[in-house]
Amino acid sequence: MARFIFITGGVVSSLGKGLMAASLAALLQARGYRVRLRKFDPYLNVDPGTMSPYQHGEVYVTDDGAETDLDLGHYERFTGVSARQSDNVTSGRIYQSIIQRERRGDYLGATVQVIPHVTDAIKEFARAEVDDLDFVLCEIGGTVGDIESLPFMEAIRQLRNDLGRDQTCFVHLTLVPYIAAAGELKTKPTQHSVRDLTSLGIQPDVLVCRCEHPLPENERAKIALFCNVPKEAVIPALDASSIYAVPSQYHAAGLDGAVLRSFGLPFEPAPDLRRWGDIMERLENPEGEVTIGVVGKYVGLADAYKSLNEALVHGGIANRVKVNIRWLDAELFAEDESEIASKLEPLHAILVPGGFGERGSEGKIASVRFARERRVPYFGICLGMQMACIEGARNTAGIASASTTEFGPTDEPVVGLITEWMTAEGLEKRAAGGDLGGTMRLGAYPGTLAGNSHVAGIYGSTEISERHRHRYEVNVHYRPALEEAGMVFSGMSPDGALPEIVERPDHPWFIGVQFHPELKSKPFDPHPLFKSFIAAAVKQSRLV
Ligand code: GLN
């Protein structure tokens with residue numbers, strides 16, 4: 001039977017709870033256990049799909065088409081286990097299902113309440129589809145003390161009772177701040193946070209203490225005493241040089257050992273961490289560096305492009321180079337060509353990522369043009385592919401008013417809204433004016449690549465499956481005009497209706513993809529497109 005590890009956070013947010021959960025899962029996996037990570041989000045949105053990236057960072061899309069919290073990206077990157085719809089639940093989704101049941105009369109006249117109905121729904125979610133697992137790690141979003149997370153705390157408290165002490169473990173992440181004026185680390189916030197947790201009926205088994213300075217043994221002993229945990233279960237967590245150093249660092253600090261001890265499981269032999277060692281060896285000893293310009297809209301917040309950022313780093317790991325990312329705000333790109341050139345000339349490659357809405361689009365189109373004309377490697381992802389097609393239509397195919405219907409009515413809809421497409425289950429239909437939430441082509445779709453294309457060479461295959469998240473599609477009716485002008489439609493949906501990839505054979509590296517390859521890249525298995533893109537940037541760096 002699967003064992004459950006519940007992960008909570010205290011004192012402040014942004015301590016790296018998701019990363020800790022992902023690292024712990026990776027450590028257990030490296031010991032041969034089968035793991036799955038889950039995230040409970042206490043907010044009321046049904047999923048993060050409708051939230052601005054500025055509010056909540058990137059929306060991570062799973063193979064099965066769920067729009068989820070970006071922590072699920074960490075989970076996948078650290079464990080290689082594909083996340084599923086059932087791995088992320090919000091209060092909004094729980095309430096939605098309860099209210100639907102209530103309206104149907106399923107509660108047979110009962111008063112519907114937080115306890116037991118909401119807590120039962122949470123418990124059901126935690127325990128669904130876990131038969132083939134050794135450990136399920138459930139991370140609770142937010143910080144102890146939040147009003148919103150109370151039903152989740154109550155549900156995990158009950159789960160310990162339902163499942164038993166030897167099947168559950170509570171891991172609590174806190175902060176031990178350093179007060180410079182006193183030259184001391186302070187344990188009081190941790191004590192208070194654990195007191196909050198125990199007042200909810202949860203006694204943590206393992207405490208992970210984020211600190212900027214090493215935690216002296218006497219402070220560790222003090223935390224153990226006041227917080228009622230064994231001293232070896234107080235795990236210091238110092239800042240790491242890279243997120244990929246975190247699993248090994250947590251192992252050295254004793255995290256996986258403490259968790260296994262709390263379950264009464266053996267913690268010898270040590271896990272095999274060679275793959276993490278190899279990644280760090282490559283990151284710490286690069287043989288060169290490249291600078292990639294990312295021309296986007298949400299460049300002010302690194303979390304908005306989390307997976308993209310990581311996939312570029314993975315491309316660097318594969319090529320043994322350091323990847324510097326220059327985030328360029330497409331909106332600030334002046335009309336003035338010489339200014340665009342001065343910003344883009346120092347770069348070894350240009351990438352236009354996914355995005356929504358018209359703002360900044362002219363800057364993106366200008367960047368595509370620069371990359372095409374100057375023969376600088378160009379990678380367009382989703383909106384970045386659509387911009388590449390519009391740029392090609394306008395500047396090479398003589399379709400001056402080419403645009404996308406996303407930006408308003410147009411006579412030349414090179415990119416347009418699709419209202420019908422095929423899925424494995426059959427024809428999928430959307431109303432043009434429908435809800436914004438959950439109305440996109442989402443999740444994994446197959447693509448067929450032209451045998452002699454650049455991308456088929458990169459993938460080493462003509463059959464691919466990649467994740468999508470978009471409403472609009474490049475309009476196949478413009479394919480002849482664009483191909484005539486030098487752009488090749490080298491990847492299509494298997495029925496030939498939807499363009500998946502465009503490329504320019506007369507250019508050193510010019511590829512636009514309708515999907516999001518960054519979502520599937522792993523540090524130990526870099527995505528072929530990012531590996532090849534960074535290799536092209538390395539070549540370019542030798543020219544400039
Ligand atoms: N806004 C575009 C669409 O909906 C692109 C979306 C994206 O880049 N993810 O089709």
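Whatever order the structure lists ligands and atoms in, that order sets their numbers, starting from 1. When reading the values below, keep in mind they use all heavy atoms of this one structure, side chains included, and skip hydrogens, waters and symmetry mates. Just so you know, residue 1 is the first one in the sequence shown, and it goes up from there.
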One residue to check: E473. Relative to ligand 1, which of side chain, backbone, both or neither has a non-hydrogen atom less than 4.0 Å away? neither
Against heavy atoms of H516, which atoms of ligand 1 measure under 4.0 Å? 9 (N)
What atoms of ligand 1 come within less than 4.0 Å of a heavy atom belonging to C382? 5 (C), 6 (C), 7 (C), 8 (O), 9 (N)
Atom 4 (O) of ligand 1 sits nearest the protein heavy atom R471 N, 2.9 Å
Could you find the nearest protein heavy atom to atom 10 (O) of ligand 1 and give me its residue, atom name and distance? Y472 N, 2.8 Å
Between G416, G355, S361, G357, flag the one that comes closest to atom 5 (C) of ligand 1 by a heavy atom. G355
Mind listing the side-chain donor-acceptor pairs of residues 448-460 below 3.5 Å, one per line with the distance, residues two or more places apart or on another chain?
unit_1	atom_1	unit_2	atom_2	d
S453	OG	A450	O	2.6
S453	OG	A456	N	3.1
Y459	OH	E466	OE2	2.7

Please state which option from Q514, H470, R469, E358 has its nearest heavy atom closest to atom 9 (N) of ligand 1. R469
For E518, does its backbone N or O pair with a side-chain atom of S521 as donor and acceptor, under 3.5 Å? no
Can E76 and R467 be counted as an ion pair, charged N to O under 4.0 angstrom? yes
Looking only at protein heavy atoms, which one is nearest to atom 2 (C) of ligand 1, and how far off is it? E406 OE1, 3.3 Å
Using 30° and 60° as the class boundaries, would you call the ring planes of W509 and F533 parallel, tilted or perpendicular? tilted
Step through it carefully: locate the ring centre of F78, locate the ring centre of W276, and say whether they are under 6.0 Å apart. yes
Ligand 1 versus M440: contacting region, heavy-atom distance under 4.0 Å: neither
Out of the candidates D69, T68, N88, only one should pair with K39 under the side chain to side chain donor-acceptor pair (under 3.5 Å) rule; please name it. D69
Quick check against the 3.5 Å criterion: does E483 have a side-chain atom that pairs as donor or acceptor with the backbone of F489? yes
